[in-house]
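Worksheet for the structure shown next.
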Amino acid sequence: MTTLDEAAPVAATTVRSADRPVRRELGVANVFSHGFLLVWTALTVLPLVWMFVSSFKSNGEILADPWGLPETLHFDNWARAWTGAHIGRYFLNSLVVVAGSVSLTMLMGATAAYVFARYEFRGRQFVYYLFVGGLMFPVFLALVPLFFVVRNAGLFGTWTGLILVYAAYSLPFTVFFMTAFFRTLPTSVAEAALVDGCGHFRLFFRVMLPMARPGLISVAIFNFLSHWNQFLLPQVLMQGDESKWVLAQGLFALSVSQGYAGDYARLFAGLTIAVLPVLAVYVAFQRQVQSGLTAGQLK
């Protein structure tokens, strides 16, 4: 007959042997996931590094040794791209358009999302699903109607028309994300503010918006990246006056012209100038994006 003292080592051995396959499977999964992340990082970072290095090389060095380092740093490539190719003007135009569109999107999207999340009224779910349904339609399906609507409104070729279209294009995602975020906020704070005499508008702007700051920052960054990299909409709606072009249009024109002229150094410099704001925003707000995406789960 087996005693308890004799059975304990056997049970411990059995547990250890049962844990080994699980640990081995986890180790294989970790190696595979880390390897995949390393490959993905290389595919993402190496083209950016190559573009940045090439922006300081001469055209001869780019053609003769595209993977080598520059013998001397040609900072004049950046100056020629900024002034000669008018990248500076297109850069400022994009800042104006993106700043206006992101501000309008966040104001309208946050207001609509707060109403959907906090107020009960007839048809609320129907209107909410109308907003969310916009996520299912690619933007190129609406190009022809957008063209005629913007032209008939007298906004064709203007920054105002482009800002309004950008805002309308980004509203479905903003409303969808912020509605879920507002639902995670505690209702006790809002009820206490109403009891103290706070009105609905003041409650929204003074209490709820500061509490929703992580979500607002996350959505604002996503909208900024989307609007900054947008090419199809300005290409259709901003035809004509080149002085009003945004950065994506200027880079496209530069790539076509420099492809025939052979001035690849200026092209790489222009591309680097366009990428730098995106990298700066990501590096500056990466923690806020992560906290905003996980705030709803943590609460």
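Between Phe156 and Phe147, the distance separating the two ring centers is shorter than 6.0 angstrom. Between Phe268 and Phe56, the distance from one ring center to the other does not fall under 6.0 angstrom. Ring to ring, Phe91 and Trp228 are close: their centroids are under 6.0 angstrom apart.
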As a quick check of understanding, evaluate ring-ring contact (aromatic ring centres under 6.0 Å, His included) for Phe116 and Phe131, giving each step before the final call. CA-CA 11 Å; Phe116 289 138; Phe131 272 100; 5.6 Å; yes
What's the verdict on side-chain contact (heavy atoms from CB on, under 4.5 Å) for Gln249 and Glu242, showing C-alpha distance, side-chain angles and the deciding distance? CA-CA 9 Å; Gln249 294 175 280; Glu242 296 184 4; over 6 Å; no
Quick one, Arg118 with Leu185, criterion side-chain contact (heavy atoms from CB on, under 4.5 Å). Give me CA distance, side-chain angles, the key distance, then yes/no. CA-CA 10 Å; Arg118 294 290 178 172; Leu185 300 180; 3.1 Å; yes
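Judged by distance alone, the side chain of Gln230 and the main-chain N or O of Leu232 form a donor-acceptor pair under 3.5 Å. Using modelled atom types, one side-chain atom of Ser94 and one backbone atom of Leu247 make a donor-acceptor pair closer than 3.5 Å. Between the side chain of Asn77 and the backbone N or O of Ser55 there is at least one donor-acceptor pair closer than 3.5 Å. In this structure a side-chain-to-backbone donor-acceptor pair under 3.5 Å is missing from Asn223 to Val102.
Contact check for Met238 versus Val246: no side-chain heavy atoms found under the 4.5 Å cut-off. Side-chain contact between Phe224 and Ser170: absent, with no pair of heavy atoms (C-beta onward) separated by less than 4.5 Å.
If you chain together hydrophobic residues whose side chains sit under 4.5 Å apart, Leu141 and Leu146 fall into the same group. No continuous path of ILVMFWY side-chain contacts below 4.5 Å connects Phe137 to Val149, so the two sit in separate hydrophobic clusters. The hydrophobic cluster containing Met208 does not contain Val195, counting ILVMFWY residues as joined when their side-chain heavy atoms lie under 4.5 angstrom apart, directly or transitively. Following chains of ILVMFWY side-chain contacts shorter than 4.5 Å, one can reach Phe121 starting from Met178, so the two form part of one hydrophobic cluster. Note: the hydrophobic cluster containing Tyr129 also contains Val127 (ILVMFWY, side chain heavy atoms under 4.5 Å, direct or indirect links).
The 12-atom threshold is not exceeded at OH of Tyr169, counting heavy atoms of other residues, nucleotides or ligands nearer than 6.0 Å. Atom CD of Glu71 has 12 or fewer heavy atoms from other residues, nucleotides or ligands within 6.0 Å. Other residues, nucleotides and ligands contribute over 12 non-hydrogen atoms within 6.0 Å of the CZ atom of Phe204.
Aromatic ring orientation, Tyr90 versus His86: perpendicular (interplanar angle above 60°, classes split at 30° and 60°). Taking the six-membered ring where the residue is Trp, Phe252 and Phe231 present tilted rings, their angle falling between 30° and 60°. The aromatic rings of Trp50 and Trp67 sit tilted, their planes meeting at an angle between 30° and 60°.
The distance from the CZ atom of Phe173 to the OG atom of Ser226 is 9.5 Å, given to the nearest 0.5 Å.
A pairwise comparison of heavy atoms in Ile62 and Ser54 identifies CD1-O, 3.6 Å as the closest pair. Of all heavy-atom pairs between Val53 and Pro70, the closest is CG1-CD, 3.6 Å.
Using modelled atom types, one finds a donor on one side chain and an acceptor on the other under 3.5 Å when comparing His200 with Tyr119.
For Arg80, the salt bridge (Lys or Arg N to Asp or Glu O under 4.0 Å) criterion is met by Asp76, Asp263, not counting sequence neighbours. For Arg124, the side-chain hydrogen bond (donor to acceptor under 3.5 Å, both in side chains) partners are Glu120, not counting sequence neighbours.
For the pair Arg183 and Tyr128, the cation-pi test (distance below 6.0 Å, angle within 45°) is passed.
For the pairing with Leu162, the side-chain contact (heavy atoms from CB on, under 4.5 Å) check across Val150, Val98, Val97 returns one residue only, Val97. The side-chain contact (heavy atoms from CB on, under 4.5 Å) test with Met108 is passed by exactly one of Leu104, Thr105, Thr111: Leu104.
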